[in-house]
Amino acid sequence: MFRAIWFGVIFLLRIGFSIYLMFFVRNQAALIYQIFDMLSIFIVLVIIMHRKANSFSIVWIVLILTLPVIGLLYYLIWGRTKTLWNKHHRLNKSIEYGNQFLCKEKGIYNALNAAYPDRKRIAGFLGRKGFPVYANTDCRYYPLGELYFEALLKDIKAAQKFIFLEYFILSEGKIWSNIKNLLIEKSRQGVEVRIMTDDFGSIISAPKKFICDLAENNIRIVRFHDVFKLSTYMYYNYRNHRKIAIIDGHIGYTGGINIGDEYANLYDKLGHWKDTAIRMEGDAVWSLTVTFLQMWDYETKENSNYELYKPNHSIKDTDCKPSGFFQPFCDGPSNTSDKIARTVYKAAIYNAKKYVYITTPYLIVDDAMIDALRISVQSGNDVRIITPKRWDKWFVHMATQSNYKDLLEVGVRIYEYSPGFIHEKTLLSDDEFAVTGTINMDFRSFYLHFENAVYICGAPILDEIKKDILETLEKSEEITLEAWLKRPWYLKVVQNVFHLFEVLL
């Protein structure tokens, strides 16, 4: 709590100083204000050259030109997609080093192409970005957090070599208590345990004692992008939004679920909390292991021995009956040329033949994404999106709802999950492929956060995902264009205001 309060104090002081500076410059130094004007114009030109004319850059351009002093300072804190220091370079080196251990088997890609020729584009794109396709993998689906934690605890208990956990949020409570006790037990048995959590995401829920208890039991835990160090650079973006759990290198989990009691519906935070995850066992887990080690080495400046964490047996030696194709991938702000997650979502929408179902807690999309959804609808596809009825962030929900009109007008069907809050992040299409993981359909996931997901093609798990989404649709309220246009005028005003700055939320 102390770290959160101290961070809040620093942040408020920065805002207060920027406001004071704005009035001081206006009232005391016209020349200095003109210098800020010129600097603002220069920064705007830089934004245009590097980002072209996307929605994210347009909002910053308007803010900087309207309020040259405060707008420029806010941009330095929140708006940069490149830091003013060498972290990008170090991260890219870590990624390049880890990618050496990812082997692409052309035969598996050819098998996917032969079985699902219409789906090869996404697999081919991800393959060219360094993410292999795997076939020798069994996958299970968990439609609720409570089922996910039950399976995760069982696998942690059976761990023999190592346990890697990476979450945006680690929160004290019953769930964490059960996991922590098991981790301590496994560590005492000689199992290597590494934990990575985002410092901003867990700044309140994971206090200093939380870290010390683990360190005292030979468990290594790293806070990703320490907010106090970043405050020196006036930079607070680049959050690690990934959720990965790896046990012994042959079992891996990912999805929308963080470590917290609300994810298992142990208490009523926002009504019923709907979240999902998958468990992979087999070859595809290696990509998750590499992704974890790349980020670990980047943050710790270490150089892990990847070979120590490769599984020494095949799923063929187990009772599992794998089928389908799996392609784990990750994305982050270091990908300055190609926004991988955004490209995969757009390609999946364009590639649909019958339907596209999307679940997301936040729906903040640009014109290009709306256009992809529109073309999919006009091609005869059934396009549906499920968002929450109850929200965790009111202002983000207002921005989410501000996009309803544009989507409803082009024929997209929108539903709000009536029992509570839906936090799952999944795109399913045509009974043949899905993308599931940590990617929200918003600007933060597409541009600012480190994310991960799995592209799944032709696997039995797709039937389970479809069944769950259809059941969720039955519990959700459909939003019609006619009813939406009749909402109160004051709600329209609020939503339009947040719509203007939605890419900053």
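- Considering only residues two or more places apart in sequence or on other chains, K186 meets the side chain to side chain donor-acceptor pair (under 3.5 Å) condition with Q189.
- Taking each heavy atom of V133 and A123 in turn, the nearest pair found is CG2-CB, 4.2 Å.
- Donor-acceptor pairing under 3.5 Å is recorded for the side chains of T359 and E424.
- When side chains are defined from C-beta on, F329 does not count as touching V454, because their heavy atoms never get closer than 4.5 Å.
- A heavy-atom distance below 4.5 Å is not found between the side chains of D468 and E464.
- Proximity of L144 to K274: side-chain heavy atoms (C-beta onward) are separated by under 4.5 Å at one or more points.
- Atom CE in M441 sits 7.5 Å away from atom OG1 in T360 (nearest 0.5 Å).
- Checked by atom type and distance alone, the side chain of T400 pairs as donor or acceptor with a backbone atom of L363 at under 3.5 Å.
- Minimum heavy-atom separation, K180 to D213: NZ-OD2, 4.1 Å.
- Judged by distance alone, with hydrogens and angles left aside, the side-chain atoms of N351 form no donor-acceptor pair with the main-chain N or O of A347 at under 3.5 Å.
- Within the 3.5 Å criterion, the main-chain N or O of N440 finds a donor-acceptor partner in the side chain of S445.
- If you run side chain to side chain donor-acceptor pair (under 3.5 Å) between T438 and each of K425, H449, R242, E451, only E451 comes through.
- The distance between the ring centers of Y306 and Y97 falls below 6.0 angstrom.
- Taking the six-membered ring for Trp and thresholds of 30 and 60 degrees, F162 and F164 have ring planes inclined between 30 and 60 degrees apart.
- In this structure, the side chain of R220 does not engage the main chain of L214 through any donor-acceptor pair within 3.5 Å.
- For the residue pair Y357/K466, the side-chain donor-acceptor check at 3.5 Å is not satisfied.
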Apply side chain to side chain donor-acceptor pair (under 3.5 Å) to the pair N452 and T291, showing each step before the final yes or no. CA-CA 9 Å; N452 77 281; T291 296; over 6 Å; no
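- Taking every heavy atom of both residues into account, G271 and N265 meet most closely at O-OD1, 4.0 Å.
- A donor-acceptor pair under 3.5 Å is absent between the side-chain atoms of D138 and the main chain of E281, judged by distance alone.
- Side chain to side chain, H272 and Y417 meet the donor-acceptor criterion of an N or O pair below 3.5 Å.
- A search for side chain to side chain donor-acceptor pair (under 3.5 Å) contacts involving K157 returns nothing, not counting sequence neighbours.
- For the residue pair R384 / S476, no side-chain donor-acceptor distance below 3.5 Å is found, with atom types taken as modelled.
- Side-chain contact check for V383 versus I349: every heavy-atom pair is 4.5 Å or farther apart.
- Taking the six-membered ring where tryptophan is involved, the planes of F450 and Y298 are tilted, since the angle between them lies from 30° to 60°.
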Report the C-alpha distance between I179 and I259 in whole Å, list the side-chain angles of each, state the deciding distance to 0.1 Å, and finish with yes or no for side chain to side chain contact (heavy atoms under 4.5 Å, CB included). CA-CA 9 Å; I179 292 176; I259 303 297; 3.7 Å; yes
Practice task
Using the side chain to side chain donor-acceptor pair (under 3.5 Å) rule, take R413 and Y415 through it: C-alpha gap first, then chi angles, then the decisive distance, then the call.
Solution key: CA-CA 7 Å; R413 299 178 68 181; Y415 297 77; 2.9 Å; yes
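- The heavy-atom pair separating I175 from A264 by the smallest distance is CD1-CB, 3.9 Å.
- Between Y455 and F433 the shortest side-chain heavy-atom distance falls below 4.5 Å.
- R239 and F224 get closest at one heavy-atom pair: NH2-O, 3.2 Å.
- A salt bridge is absent between R223 and D198; no separation between the charged side-chain nitrogens and carboxylate oxygens falls under 4.0 Å.
- Checked by atom type and distance alone, the side chain of E166 never pairs as donor or acceptor with a backbone atom of M196 at under 3.5 Å.
- Aromatic pair Y263/H423: ring centres closer than 6.0 Å.
- Between atom CD1 of residue I364 and atom CD of residue Q401 there is a gap of 11.5 Å, rounded to the nearest 0.5 Å.
- Under a cut-off of 6.0 angstrom, the local environment of CD in E150 is sparse, with at most 12 non-hydrogen atoms contributed by other residues, nucleotides or ligands.
- Judged by distance alone, with hydrogens and angles left aside, the side-chain atoms of N258 form a donor-acceptor pair with the main-chain N or O of I169 at under 3.5 Å.
- When atom types are taken as modelled, the side chain of R390 and the backbone of W273 share no donor-acceptor pair closer than 3.5 angstrom.
- For the pair F131 and I340, the minimum side-chain heavy-atom distance is below 4.5 Å.
- Ring pair Y253/Y148 is perpendicular by interplanar angle, where above 60° counts as perpendicular and below 30° as parallel.
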message = For a side chain to side chain donor-acceptor pair (under 3.5 Å) check, start with the C-alpha distance between Y404 and Q495, then their side-chain angles and the critical distance, and finish with the verdict.
response = CA-CA 10 Å; Y404 285 2; Q495 289 165 350; over 6 Å; no
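- Taken to the nearest 0.5 Å, the CD1 atom of I461 stands 8.0 Å off from the OG1 atom of T436.
- Ionic pairing of D366 and R342 is present here: one or more N-O contacts between side-chain nitrogen and carboxylate oxygen are shorter than 4.0 angstrom.
- Taking a 6.0 Å sphere around NZ of K154, one finds it holds 12 or fewer heavy atoms contributed by other residues, nucleotides or ligands.
- The distance from atom CG of L165 to atom CD1 of I221, rounded to the nearest 0.5 Å, is 9.0 Å.
- Atoms CG and CD1, on L428 and I465 in that order, are 6.5 Å from each other to the nearest 0.5 Å.
- Using a 30° and 60° split on the angle between ring planes, F443 and Y447 fall in the parallel class, below 30°.
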*Verdict with reasoning, E471 to K467, per salt bridge (charged side-chain N to carboxylate O under 4.0 Å, His left out)*: CA-CA 6 Å; E471 291 177 353; K467 179 176 180 292; 2.8 Å; yes
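- In this structure a side-chain-to-backbone donor-acceptor pair under 3.5 Å is present from Q294 to I95.
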- After noting the C-alpha distance and the side-chain angles of S171 and W176, does the key distance pass the side chain to side chain contact (heavy atoms under 4.5 Å, CB included) rule? CA-CA 7 Å; S171 182; W176 171 245; over 6 Å; no
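- Heavy atoms of other residues, nucleotides or ligands lying less than 6.0 angstrom from CD of Q160 number 12 at most.
- In terms of modelled atom types and a separation under 3.5 Å, the side chain of S187 and the main chain of N217 share a donor-acceptor contact.
- Of all heavy-atom pairs spanning P328 and A284, the tightest one is CG-O, 3.5 Å.
- In this structure, Y345 and L427 have side chains that are in contact, with non-hydrogen atoms separated by less than 4.5 Å.
- Looking at heavy atoms from C-beta onward, I163 lies out of side-chain contact with I246 at the 4.5 angstrom threshold.
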(request) Apply side chain to side chain donor-acceptor pair (under 3.5 Å) to the pair R194 and T300, showing each step before the final yes or no. (result) CA-CA 12 Å; R194 299 189 192 183; T300 62; over 6 Å; no
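- By the 4.0 Å N-to-carboxylate-O rule, D248 lies too far from K161 to be salt-bridged with it.
- For the atom pair D283 CG and T137 OG1, the distance stands at 5.0 Å (nearest 0.5 Å).
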